[in-house]
Amino acid sequence: MIWGIRSKTSSIITTMASLRPSSVKGDPIQFSPFSAITNSFTGFHRNWLGLRTEKLGRVDNTWLRLSPSLKEKSVLRLDASSISAGLAQELQRFKIQNMSETDGRVDFFDEMKHRFLSFKKQKYLGEVEHFKTLAEVQSPKFMVIACVDSRVCPSNILGFQPGEAFMVRNVANLVPPLENGRTETNAALEFAVKTLQVQNIFVIGHSCCAGIQTLMTMQDDENSSFIEKWVANAKVAKLRTKEAINLSFDQQCKHCEKESINCSLLNLLTYPWIEERVRKGTLSLQGGYYDFLRCTFEIWTLDFKESNVSHGSKISVKDKAFWC
């Protein structure tokens with residue numbers, strides 16, 4: 001009986017010792033039931049197993065080893081029931097811990113996989129010729145500038161299909177004026193207008209915008225963070241908002257959210273290659289506002305003839321519509 005327990009224990013120890021701690025640091029999807037506790041065997045202490053021994057050999061603190069001589073001369077007596085219960089309890093604890101850390105990630109990407117395969121089956125394979133054409137060339141009609149907010153996805157809200165909209169998303173959906181220098185936003189504008197020759201530039205703002213809230217709360221001389229420096233591109237919208245009286249902070253933010261869209265439309269006219277096309281009528285500038293609290297959408301078009309960037313940044317809009 002003792003020999004059977006000792007043989008079984010030796011087998012468990014040998015198996016555990018063969019597992020490297022590095023396996024725990026790998027892909028969590030590949031965890032075996034023992035992989036979580038393998039790392040705990042580095043610096044393993046004999047008392048952890050509740051070993052009851054009459055004659056113990058030397059225990060190596062890095063890996064549990066019994067010298068050959070002690071294997072032959074010593075009799076290791078174990079309480080099999082306590083080992084079994086202890087191992088089961090420890091394994092279950094590590095299993096629950098590791099599952100809680102990895103299940104969310106695994107499940108999320110598994111869901112993403114199903115979404116992709118659904119897209120491929122229902123959309124891609126159903127319009128395979130269209131996607132083959134898109135692989136060769138794109139000719140979108142829209143350039144969309146929207147916010148990075150996770151709740152505001154233009155393709156989801158407005159139903160843009162692959163190839164229809166060349167899209168840029170930044171904090172608070174801002175267009176900096178030409179004088180402020182190079183950014184990825186005006187680099188994308190240059191490509192969309194000069195190369196792709198889009199017919200519409202659509203600036204889309206939204207309710208509860210954290211970027212605008214930051215703009216409204218920061219001091220005029222504050223621009224220490226990346227966000228503060230970026231949203232300062234809409235400081236004109238903030239000044240115009242402050243001119244409105246008897247508005248609560250929430251009302252000020254909503255007012256500024258819309259005002260900043262108009263400022264971005266005017267800033268677009270500071271780029272000569274945009275202003276020229278708008279004057280000729282080959283390019284149209286639109287503003288949009290998505291209120292996701294009420295699920296409504298407002299849209300309007302810049303009236304170029306009545307607007308003026310040079311003198312007081314006057315803006316005039318037309319073709320207003322409200323979708324609800």
Side-chain angles (χ1 to χ4, degrees), residues 138-149 154 165-206 209 211-212 214-216 218 220-243 256-289 299-318:
Q138 61 171 322
S139 55
K141 299 295 187 293
F142 284 88
M143 159 89 177
V144 174
I145 300 172
C147 186
V148 293
D149 195 301
F166 186 80
M167 199 169 298
V168 168
R169 298 181 69 174
N170 62 43
V171 174
N173 44 269
L174 301 179
V175 176
L178 177 64
E179 63 190 36
N180 284 22
R182 300 170 182 170
T183 66
E184 62 174 308
T185 297
N186 49 38
L189 278 168
E190 184 177 48
F191 181 74
V193 174
K194 290 186 176 182
T195 303
L196 299 179
Q197 299 184 26
V198 295
Q199 299 173 13
N200 304 274
I201 299 178
F202 197 3
V203 181
I204 302 175
H206 67 93
C209 180
I212 296 300
T214 299
L215 174 67
M216 295 301 297
M218 62 185 274
D220 293 338
D221 57 348
E222 285 182 349
N223 58 1
S224 57
S225 71
F226 291 127
I227 294 177
E228 290 171 344
K229 187 172 183 179
W230 173 254
V231 296
N233 283 303
K235 60 184 178 182
V236 174
K238 177 181 179 179
L239 293 174
R240 289 178 178 171
T241 298
K242 291 293 186 181
E243 293 174 357
C256 192
E257 285 162 357
K258 296 181 180 181
E259 194 64 49
S260 67
I261 298 170
N262 288 331
C263 286
S264 287
L265 294 177
L266 283 175
N267 287 343
L268 285 168
L269 295 178
T270 64
Y271 298 87
W273 29 274
I274 292 180
E275 192 268 348
E276 179 185 2
R277 287 169 172 78
V278 174
R279 182 189 295 111
K280 292 180 178 178
T282 59
L283 179 62
S284 179
L285 307 182
Q286 281 92 20
Y289 181 80
I299 186 172
W300 60 91
T301 301
L302 175 75
D303 187 342
F304 176 75
K305 293 182 179 180
E306 298 297 325
S307 301
N308 195 313
V309 179
S310 302
H311 299 87
S313 298
K314 175 189 174 183
I315 185 170
S316 180
V317 300
K318 59 183 180 180

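Everything numeric in this text was worked out from a predicted model, so none of it was measured.
Under the 4.5 Å side-chain criterion, counting only non-hydrogen atoms from C-beta, W300 is in contact with N262. Taking the side chain as every heavy atom from C-beta outward, N200 and M143 never approach each other to under 4.5 Å. Counting heavy atoms from C-beta outward, V144 and V168 have side chains that stay 4.5 Å or more apart. Contact of the C256 side chain with the L215 side chain is registered, since non-hydrogen atoms from C-beta on lie closer than 4.5 Å. Using a 4.5 Å cut-off on side-chain heavy atoms (C-beta onward), E228 and T214 make contact. In this structure the side chain of T185 never reaches within 4.5 angstrom of the side chain of L174, judged on heavy atoms. A 4.5 Å side-chain heavy-atom check between K305 and S316 finds every atom pair outside the cut-off. Contact annotation: the side chain of I201 never approaches that of F142 to less than 4.5 Å [non-hydrogen atoms, C-beta and beyond].
Between the CG atom of N180 and the OG1 atom of T270 there is a distance of 8.5 Å, given to the nearest 0.5 Å. One distance of note links CG of D303 with CG of L265; it measures 12.0 Å at 0.5 Å rounding. Rounding to the nearest 0.5 angstrom, the gap separating the OG atom in S307 from the CG atom in L266 is 6.0 Å. Expressed to the nearest 0.5 Å, how far CG of L269 lies from OH of Y271 amounts to 11.0 Å. Going from atom CZ of R169 over to atom CG of D149 covers 7.5 Å, rounded to the nearest 0.5 Å. Atoms CE and CD, from M216 and E257 in turn, are 10.0 Å apart once rounded to the nearest 0.5 Å.
N186 places a side-chain N or O within donor-acceptor distance of the main-chain N or O of T183, the cut-off being under 3.5 Å. Judged purely by atom type and a 3.5 angstrom limit, N267 uses its side chain to pair as donor or acceptor with the backbone of V175. Between the side chain of R277 and the backbone N or O of T282 there is no donor-acceptor pair closer than 3.5 Å. At least one donor-acceptor pair closer than 3.5 Å links the side chain of W230 to the backbone N or O of V171. No side-chain donor-acceptor contact under 3.5 Å links R240 to the backbone of K235.
A side-chain N or O of S284 and one of Q286 form a donor-acceptor pair less than 3.5 Å apart.
Pairing each heavy atom of I212 with each of S260, the nearest pair is CD1-OG, 3.8 Å. When all heavy atoms are compared, the tightest approach of A172 to G211 is CB-CA, 4.3 Å. When all heavy atoms of A146 and N173 are compared, the pair lying nearest together is C-CB, 3.5 Å.
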Practice problem: Step by step, work out the side-chain contact (heavy atoms from CB on, under 4.5 Å) result for L196 and Q138. | Solution: CA-CA 8 Å; L196 299 179; Q138 61 171 322; 3.8 Å; yes
Quiz prompt | Step-by-step side-chain contact (heavy atoms from CB on, under 4.5 Å) determination, I204 to I261 | solution = CA-CA 7 Å; I204 302 175; I261 298 170; over 6 Å; no
Quiz item: Should I274 and L268 be marked as a side-chain contact (heavy atoms from CB on, under 4.5 Å) after you check the CA-CA gap, both sets of side-chain angles, and the distance that decides it?
Solution: CA-CA 7 Å; I274 292 180; L268 285 168; 3.9 Å; yes
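For residues 185-200, the pairs satisfying salt bridge (charged side-chain N to carboxylate O under 4.0 Å, His left out) are E190-K194, with sequence neighbours left out.
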